[in-house]
Amino acid sequence: MTKRIILLMILAMGLIVPTIVHAQKAKKKKIAVQLYSLRDEIGSFVTRNYNHDYMPVFRKLAKMGYTGIEAACYVGDGKFYGRSPETFRLDVKHAGLQVLSSHCAKPLKKNELESGDFSESMMWWKDCIKAHKAVGVSYIVTPTIGKPATIKELQTYCNYLNAIGELCRENGIKYGYHNHSHEFQLVEGKEKMMDYLLQHTNPNYVFFEMDVYWVVLAKESPVAYFKKYPGRFKLLHIKDYREIGQSGMVGFDAIFRNAHTAGLEYPIVELEQASKSMEEGLKISIDYLIHAPFVKATYQRK
């Protein structure tokens, strides 16, 4: 073998190796995890009993391939899992993740629903948004409002969500609403709650984080909602009966193939339960999504 041939081979390898490395990096899919999945390990808003040694858990999530977290802990005390926003943000970053989103809610009191004046609750949201700006989230999501008794109450909640969303937008944060299955019931036997919320909230202020499992459980079609209300579903909770893709109940291929219509910006895995441990369930779930050809590496961000 001549020196010229050897030199050409070395040069070729120098071009090929960086290309391969770049391709491998480009293939990493952006997938977040809702930390309610790990409520027994690190706590949640339900127990308010937090395990401050959450770093080993976060590092495991990053090693599995998750790129972000959605918090499930904010209760109005200015803290995230018992830590200041600044500390929590740095901890998550050092684990190799980002604080993408956060679930928090302030239900309206009876007098606020009756009067339509929710200025008292909006004061709570001002402090809430301040803490979330400090922790660096891109999204704040209200996980539920329950089922209003009347259409009047439902409209008051739409006005409330719009007001929260407008305040979030002023602070550079997107605001959304997360569904369960009760949103697909009729209010006063007339209006389907989910459709009413979508039709009476301002798309500039309120997006929807569709929990695809709850939609299917309500015997509705996620894709049909994407097509009926295009662009409204910036976040999706990717959920199944247990591990993602195990039950066959949810058509994840169709959901992801219509992600552009939905307006998807980031998919978020959530587990209510697992066959064995939640940690193993989260690993099985992201492995499924990473290897699924219909799941893209990134989605539209605006």
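Side chains included, hydrogens not; waters and symmetry mates left out as well; all remaining heavy atoms used.
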Picking from Y81, F88, F80, what satisfies ring pair (Phe, Tyr, Trp, His ring centres under 6.0 Å) with Y74?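 Exactly one option meets the ring pair (Phe, Tyr, Trp, His ring centres under 6.0 Å) with Y74, and it is F80.
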Criterion ring pair (Phe, Tyr, Trp, His ring centres under 6.0 Å) against F233, the qualifying member of F226, Y177, F207: F226
Find out if a path of hydrophobic residues (ILVMFWY) with successive side-chain heavy-atom gaps under 4.5 Å connects [X] to [Y].
| X | Y | result |
| --- | --- | --- |
| I284 | V57 | no |
| L161 | M122 | yes |
| I286 | Y241 | yes |
| I290 | F294 | yes |
| F184 | L236 | yes |

[Y] backbone acceptor or donor facing [X] side chain under 3.5 Å:
| X | Y | answer |
| --- | --- | --- |
| R169 | N204 | yes |
| S115 | D117 | yes |
| T87 | R83 | no |
| S37 | V33 | no |
| S121 | F118 | no |
| E191 | M193 | no |

Please check if atom [atom1] in [X] has more than 12 non-hydrogen atoms from other residues, nucleotides or ligands closer than 6.0 Å.
| X | atom1 | value |
| --- | --- | --- |
| K147 | NZ | yes |
| M123 | CE | no |
| H260 | NE2 | no |

Indicate whether any N or O donor in one side chain lies under 3.5 Å from an N or O acceptor in the other, for [X] and [Y].
| X | Y | value |
| --- | --- | --- |
| N162 | T201 | no |
| S101 | Y266 | no |
| Y139 | E209 | no |
| E70 | S102 | no |
| Y54 | D91 | yes |

Which heavy atom in [X] sits nearest to a heavy atom in [Y], and how many Å separate them?
| X | Y | value |
| --- | --- | --- |
| P148 | V187 | O-CG1, 3.8 Å |
| L271 | L282 | CD1-N, 3.5 Å |
| K239 | V250 | O-CG2, 3.9 Å |
| V135 | P85 | CG2-O, 3.5 Å |

Check side chain to side chain contact (heavy atoms under 4.5 Å, CB included) between E279 and all other residues, then give those that pass, not counting sequence neighbours.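 Side chain to side chain contact (heavy atoms under 4.5 Å, CB included) check on E279 returns K60, M64, S277.
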Flag this pair as yes if the NZ/CZ of R257 is under 6.0 angstrom from the six-membered ring centre of F252 and inside a 45 degree cone about the axis; otherwise no.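 R257 over F252 ring: no.
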Are R232 and Y229 in a cation-pi contact, defined as NZ or CZ under 6.0 Å from the six-membered ring centre and within 45° of the axis?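 No, a cation-pi geometry is absent between R232 and Y229.
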Plane angle bin for Y196 and H200 - parallel if under 30°, tilted between 30 and 60°, otherwise perpendicular: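 Answer is parallel, since the angle falls under 30°.
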Is there a ring pair (Phe, Tyr, Trp, His ring centres under 6.0 Å) between H180 and H237 once you walk through the steps? CA-CA 11 Å; H180 289 79; H237 263 195; 8.9 Å; no
Salt bridge or not for K192 and E183, using N-O below 4.0 Å?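 No, no charged N to carboxylate O under 4.0 Å.
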Less than 4.0 angstrom from a charged side-chain N to a carboxylate O is my criterion; do K109 and E120 meet it?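 Yes, K109 and E120 are salt-bridged.
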